[in-house]
Amino acid sequence: MLDQIHWLAVVTVLGVLEQAYFFLQVIYARRLFGISPPKISGPPEFERIFRAQVNSSEYFPIFLALLWQAGLFFHQGLAAALGLLYLYARYRYFMGYKASSSERLAPIYFSAGVLWILIAVSALGILHFFLSHYVGLNILQLLTA
């Protein structure tokens, strides 16, 4: 079974490391700008870093759930590739937001697009499973016939 999920596990660990990097950036920004917890406001430079980290953390559980569903029900390789694209887009989002609030837009739209693709792939995989398992209808065989 591990050979069916190893790429998903790699992308998951990379995602956790990316989240840790974002957390560390907030810690460094707090020190740089002298903002002690629990304060979350300060200069715009700090607030952009803080918002980028919080926003990325908010979407991370959604990303993980979709990554694993797409990988388990559709195709591990495709899900892992989409996962890497998502993580890259999130990194670009974070760095863009850190520089300027307007530079976050293209990467956030791209990462949202990747999430929508993961939703579609997950739904198709789950639909195929239910149809083949409970109804006996194999969509893939019908499409290739």
**Asked** Just by distance, do the side chain of Arg104 and the backbone of Gly96 share a donor-acceptor pair under 3.5 Å?
**Response** no

**Item:** Nearest non-hydrogen partners of Val11 and Ala80, listed with the distance
**Value:** CG2-O, 3.6 Å

**Asked** Can you check whether Gln53's main-chain N or O pairs, donor with acceptor, with Ser56's side chain at less than 3.5 Å?
**Response** no

**Prompt:** Looking at Ala9 and Trp68, what are the two nearest heavy atoms and their distance?
**Reply:** N-CZ2, 3.8 Å

**Prompt:** Do the side chains of Leu85 and Phe110 get nearer than 4.5 Å, heavy atoms only?
**Reply:** yes

**Message:** Checking Gln19 against Ser57: is there a side-chain donor and acceptor pair closer than 3.5 Å?
**Reply:** yes

**Request:** With Arg90 as the cation and Tyr59 as the aromatic partner, state whether NZ or CZ is under 6.0 Å from the six-membered ring centre and within 45° of the axis.
**Result:** yes

**For Phe60 against Thr12, the heavy-atom pair lying closest together** = CZ-O, 4.5 Å

**Prompt:** In chain order, what residues pass the side chain to side chain contact (heavy atoms under 4.5 Å, CB included) check against Gln76, with sequence neighbours excluded?
**Reply:** His6, Trp7, Leu8

**Request:** State, yes or no, whether a side-chain contact exists between His128 and Phe74 at a heavy-atom distance under 4.5 Å.
**Result:** no

**Asked** What is the minimum heavy-atom distance between Pro43 and Ile35, and which atoms define it?
**Response** CD-CD1, 3.7 Å

**Request:** Run through Leu115, Leu66, Ile117 and flag the one making a side-chain contact (heavy atoms from CB on, under 4.5 Å) with Tyr86.
**Result:** Leu115

**Request:** Please name the pair of heavy atoms, one in Glu18 and one in Leu87, separated by the smallest distance, quoted to 0.1 Å.
**Result:** OE2-O, 2.7 Å

**Pair listing, salt bridge (charged side-chain N to carboxylate O under 4.0 Å, His left out) test, anchored in residues 46-68, at least two apart** = Arg51-Glu58

**Asked** What is the minimum heavy-atom distance between Ala89 and Ser111, and which atoms define it?
**Response** CB-CB, 3.7 Å

**Message:** Can you classify the ring geometry of Phe129 versus Phe73 as parallel (below 30°), tilted (30 to 60°) or perpendicular (above 60°)?
**Reply:** perpendicular

